[in-house]
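What's counted below: heavy atoms across the whole structure, side chains too, no hydrogens, waters or symmetry copies. None of these values were measured; they are calculated from a predicted model. Residue numbering restarts at 1 for every chain, and letters A, B, ... go by the order of the sequence lines.
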2 protein chains.
Amino acid sequence: MENDHSNASVYSASCPSRAALELVSSKWSLLIVPFLAAGPARNSELLRRIGGVSQKMLTQTLRELQRNGLVERIDYQTVPPHVEYRLSPLGHSLSQTLAVVDRWAETHHADLTQAQQRFDAADGHAGHPGGK
Amino acid sequence: MENDHSNASVYSASCPSRAALELVSSKWSLLIVPFLAAGPARNSELLRRIGGVSQKMLTQTLRELQRNGLVERIDYQTVPPHVEYRLSPLGHSLSQTLAVVDRWAETHHADLTQAQQRFDAADGHAGHPGGK
DNA sequence: CTGTATCCGTCGCGATACTG
DNA sequence: CAGTATCGCGACGGATACAG
């Protein structure tokens, strides 16, 4: 049965796991989900702590995460408004995975930068010369 | 010193680790790098095995990975051409991390789909009704 | 404070054609 | 086989203004 995705593979373009992968690995999910692992947070706090995110992208990403059952939105129905976002159990399992990716980037970014410099220096005629 | 990134944080938009994170978590890197963990592969094989990738994106991603020291390109200088791509040691360390993300997606994609259906059903007036 | 709506430029990326 | 070059559209996402 071609619709049995019990043996899902991200290498198949049509497999639903591919869509899941893209949601989960989107630029802001990669930061928001691990951040929420430390505890619930409000919109304004996320806006401040997730460097570079715009209100639009923050809301858009949170909505998508909520829609997929990774984040829960708690509205305290007060005025002024007070809304909190927190990870669901599924979200927590994901955050552990994504946090590893974040830490890999933080640990090895210097290696990448070094490699870039060597690569760009090796052929000054082609590719992306860092400088103008 | 504000240029000391020894305590790198992806949460800072200006930290180099952010750029590293985005390279490493790009749509095709997430598939190519773990795929290469199984062994070196040729251009045509990657094109066949990585579902949905175009020649353009494949080359572009491989170049960027090579530039950052994650992938090595071996040209056998034969005719017809024979080129292999393989992971560097740094690339291998990354592949282990990314493979976990891939497997998370494969394992939990059904949960996400279920959550979507519940979410979309819960408010038929707003949001993204799946069907047109 | 927590969003939503609209405008609009950038560029990611597929399609296609050509090369060694 | 393994790419490169070019065109063109569609979306991604920032800026701004408005709302409960």
Side chain of [X]: nearest nucleotide among [options]?
X	options	result
A:R42	D:dG14, C:dC1, C:dT4	C:dC1
B:T59	D:dG3, C:dT2, C:dT4	D:dG3
A:S54	D:dA2, C:dC13, D:dG14	D:dG14
A:W28	C:dG3, D:dG3, D:dG14	D:dG14
A:P81	D:dC1, D:dG14, C:dC1	C:dC1
A:Y85	C:dG3, D:dA2, C:dC13	C:dG3

Upstream residue (5' side of DNA chain D) when A:V53 and B:N43 are each assigned their closest nucleotide:
B:N43
Let me confirm one number: the CG-CG distance from B:L90 to B:L87, rounded to the nearest 0.5 Å.
9.5 Å
Inspect the contact between B:E106 and B:R103 and indicate whether a charged nitrogen and a carboxylate oxygen are less than 4.0 angstrom apart.
no
Do the non-hydrogen side-chain atoms of A:R63 and A:R73 ever get within less than 4.5 Å of each other?
yes
Is any side-chain nitrogen or oxygen of B:R73 closer than 4.0 Å to OP1 or OP2 of D:dG3?
yes
Is there a side-chain polar atom (N or O) of A:R63 under 4.0 Å from OP1 or OP2 of C:dG3?
yes
Base, sugar-phosphate, or nothing for A:Q55, non-hydrogen atoms under 4.0 angstrom?
base
Please report, rounded to the nearest Å, how far the P atom of C:dA15 is from the CE atom of B:M57.
13 Å
When rounded to whole Å, the CD to C1' distance for the pair B:Q60 and C:dA15 reads 15 Å
A:H109 backbone acceptor or donor facing B:S17 side chain under 3.5 Å:
no
